[in-house]
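For reference, the structure discussed in these notes is given below.
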Amino acid sequence: NEVRGGGGCFVFAGVYKENVEINKRIRITGKNATVEGGDGSAFVLLVDGIVIEHFIIRNCWDEAGITIYRENATIAFCDLYNNYYGIYLKANNVSIKNCKVYGNSFAGIFLENCMKINISGCDIYCNNEGIMAEHSSYGRIENNVISNNSINGLKFVFSHFNDIINNDFLDNIYGIY
């Protein structure tokens, strides 16, 4: 709570067992910092304009590593694994870039009722579902490697007008479903 809205926070190397609810517009940057969520999400984004970058986020067994409920968030250069969802979104105008999302028990990235989600430059692999989008439209999925997911690399359910550009779909049962 010491960081003012619009400010930033740097997290040093270490393993932190935390469930952080962010209720201010801030930038959180890690350096070899690992956050383990346990029974809840490691990070829950509750306001617009949050940036989370350079973290390892793991062991959120029944939840997402990162849960996003608001707009204009950015997740960059993070590794998310051993969670239920790597990233769960019920939000708009979110950018997920240059992340490794793997080994999550349900979905690497799950979009629910989202608009304008941009996923780019990510490696998404060894999840049950790579990316799953329900009722999510006008997104852009570009320059990702989506591989070795148990079922689908990318699954759309009642989702429209999404751009899929220059992705590699490798060794999923279904590339795009």
(message) How long is the straight-line distance from SG of Cys126 back to NZ of Lys100, given to the nearest 0.5 Å?
(response) 12.5 Å

(request) Could you grab the distance from atom CD1 of Ile141 to atom CG of Leu111, nearest 0.5 Å is fine? (result) 6.5 Å

(request) Report yes or no: does Asn104 contribute a side-chain atom to a donor-acceptor pair with the main-chain N or O of Asn83 at less than 3.5 Å? (result) yes

(message) Would you say that Val11 contacts Thr29 through its side chain, given a criterion of any heavy-atom pair below 4.5 Å between the two side chains?
(response) no

(request) Report yes if the side chains of Ile119 and Asn144 come closer than 4.5 Å at any heavy-atom pair, otherwise no. (result) yes

(request) Would you please test Thr74 and Glu53 for side chain to side chain contact (heavy atoms under 4.5 Å, CB included) and show each step? (result) CA-CA 8 Å; Thr74 300; Glu53 57 191 0; over 6 Å; no

(request) Look up atom OH in Tyr88 and atom CD in Glu63, then write down how far apart they are to the nearest 0.5 Å. (result) 10.0 Å

(request) State whether the number of non-hydrogen atoms from other residues, nucleotides or ligands found under 6.0 Å of Tyr177 atom OH is greater than 12. (result) no

(message) Would a single hydrophobic cluster contain both Tyr84 and Leu80, if residues Ile, Leu, Val, Met, Phe, Trp and Tyr are joined by side-chain heavy-atom contacts under 4.5 Å?
(response) no

(message) Using the rule that Ile, Leu, Val, Met, Phe, Trp and Tyr join whenever any side-chain heavy atoms are under 4.5 Å apart, tell me whether Ile109 and Val157 fall into a single cluster.
(response) no

(request) May I ask you to decide if Ile75's main-chain N or O and Lys97's side chain share a donor-acceptor pair within less than 3.5 Å? (result) no

(request) Give the C-alpha distance, both sets of side-chain angles, the deciding distance and a yes or no for side chain to side chain donor-acceptor pair (under 3.5 Å) between Asp48 and Asn72. (result) CA-CA 6 Å; Asp48 296 346; Asn72 304 314; 4.8 Å; no

(message) So, taking the atom named CZ in Phe156 and the one named OG in Ser136, what distance separates them when rounded to the nearest 0.5 Å?
(response) 9.0 Å

(message) Quick one, Ile87 and Leu89 - any side-chain contact, counting heavy atoms below 4.5 Å?
(response) yes

(message) Are Ser147 and Asp171 packed together at the side-chain level, in the sense that at least one heavy-atom pair is separated by less than 4.5 angstrom?
(response) no

(message) Please evaluate residues Val145 and Asn167 with respect to the criterion side chain to side chain contact (heavy atoms under 4.5 Å, CB included), reporting the C-alpha separation (whole Å), side-chain torsions for both, the decisive distance (0.1 Å), and the verdict.
(response) CA-CA 6 Å; Val145 176; Asn167 296 283; over 6 Å; no

(request) Measure across Cys9 and Val3 and return the closest heavy-atom pair with its distance rounded to 0.1 Å. (result) CB-CG2, 3.9 Å

(request) Would you indicate whether the side-chain heavy atoms of Ile164 and Ile176 approach each other to under 4.5 Å? (result) yes

(message) Ring centroids only, cut at 6.0 angstrom: are Phe55 and Phe43 within range, meaning strictly under it?
(response) yes

(message) If you compare all heavy atoms of Arg4 against all heavy atoms of Lys24, which two are closest, and at what distance to 0.1 Å?
(response) C-CD, 4.3 Å

(message) Would the distance check show the side chain of Asp62 and the main-chain N or O of Asp39 forming a donor-acceptor pair, the cut-off being under 3.5 Å?
(response) no

(message) If hydrophobic clusters are built from ILVMFWY residues whose side chains come within less than 4.5 Å, do Trp61 and Tyr85 share one?
(response) no

(request) Indicate yes or no: at least one non-hydrogen side-chain atom of Thr67 is less than 4.5 angstrom from one of Tyr69. (result) yes

(message) Just so I know, are the side chains of Val101 and Asp123 near enough to count as touching, which here means a heavy-atom distance under 4.5 Å?
(response) no

(message) When you compare the side chains of Asn127 and Asn149, does any donor N or O come within less than 3.5 Å of an acceptor on the partner?
(response) yes

(request) Could you check Glu142 against Ser120 for side chain to side chain donor-acceptor pair (under 3.5 Å), going step by step and ending with a plain yes or no? (result) CA-CA 5 Å; Glu142 182 174 24; Ser120 63; over 6 Å; no

(message) So does Asn128 get a backbone contact from the side chain of Ser150, meaning a donor-acceptor N/O pair under 3.5 Å?
(response) no

(message) Could you check whether atom OH of Tyr138 has more than 12 heavy atoms from other residues, nucleotides or ligands sitting under 6.0 Å from it?
(response) no

(request) Provide the closest heavy-atom pair for Arg25 versus Val47 in the form atom of the first, atom of the second, distance. (result) N-CG2, 3.6 Å

(request) Mind listing the closest non-hydrogen atom pair of Ala42 and Cys60 along with its distance? (result) N-SG, 3.4 Å

(message) Can a donor-acceptor pair be found, under 3.5 Å and without considering hydrogens, that links the side chain of Asn172 to the backbone of Ile151?
(response) no

(message) Any non-hydrogen side-chain atom of Ile56 less than 4.5 Å from a side-chain atom of Cys78?
(response) no

(request) Could you check Tyr174 against Phe169 for ring-ring contact (aromatic ring centres under 6.0 Å, His included), going step by step and ending with a plain yes or no? (result) CA-CA 9 Å; Tyr174 302 102; Phe169 293 92; over 10 Å; no

(message) Once rounded to the nearest 0.5 Å, what's the spacing between atom CE of Met115 and atom CG of Asn93?
(response) 8.5 Å

(message) For a quick test of reading the model, state the closest non-hydrogen atom pair linking Val35 to Glu18 and the distance between them.
(response) CG1-O, 4.0 Å

(message) Could you see if Tyr81 belongs to whatever hydrophobic cluster contains Ile146? Use Ile, Leu, Val, Met, Phe, Trp, Tyr and a side-chain cutoff under 4.5 Å.
(response) no

(request) Please check if Ile66 and Tyr102 belong to a single hydrophobic cluster, counting links between Ile, Leu, Val, Met, Phe, Trp and Tyr side chain heavy atoms closer than 4.5 Å. (result) no

(request) Kindly give the heavy-atom pair with the smallest separation between Arg70 and Ala91, and that separation in Å. (result) O-CB, 2.8 Å

(request) Verify, without hydrogens or angle tests, whether Ser159 (side chain) and His135 (backbone) share a donor-acceptor contact under 3.5 angstrom. (result) yes

(request) Report the distance from atom CD1 of Ile50 to atom CZ of Arg27, rounding to the nearest 0.5 Å. (result) 12.0 Å

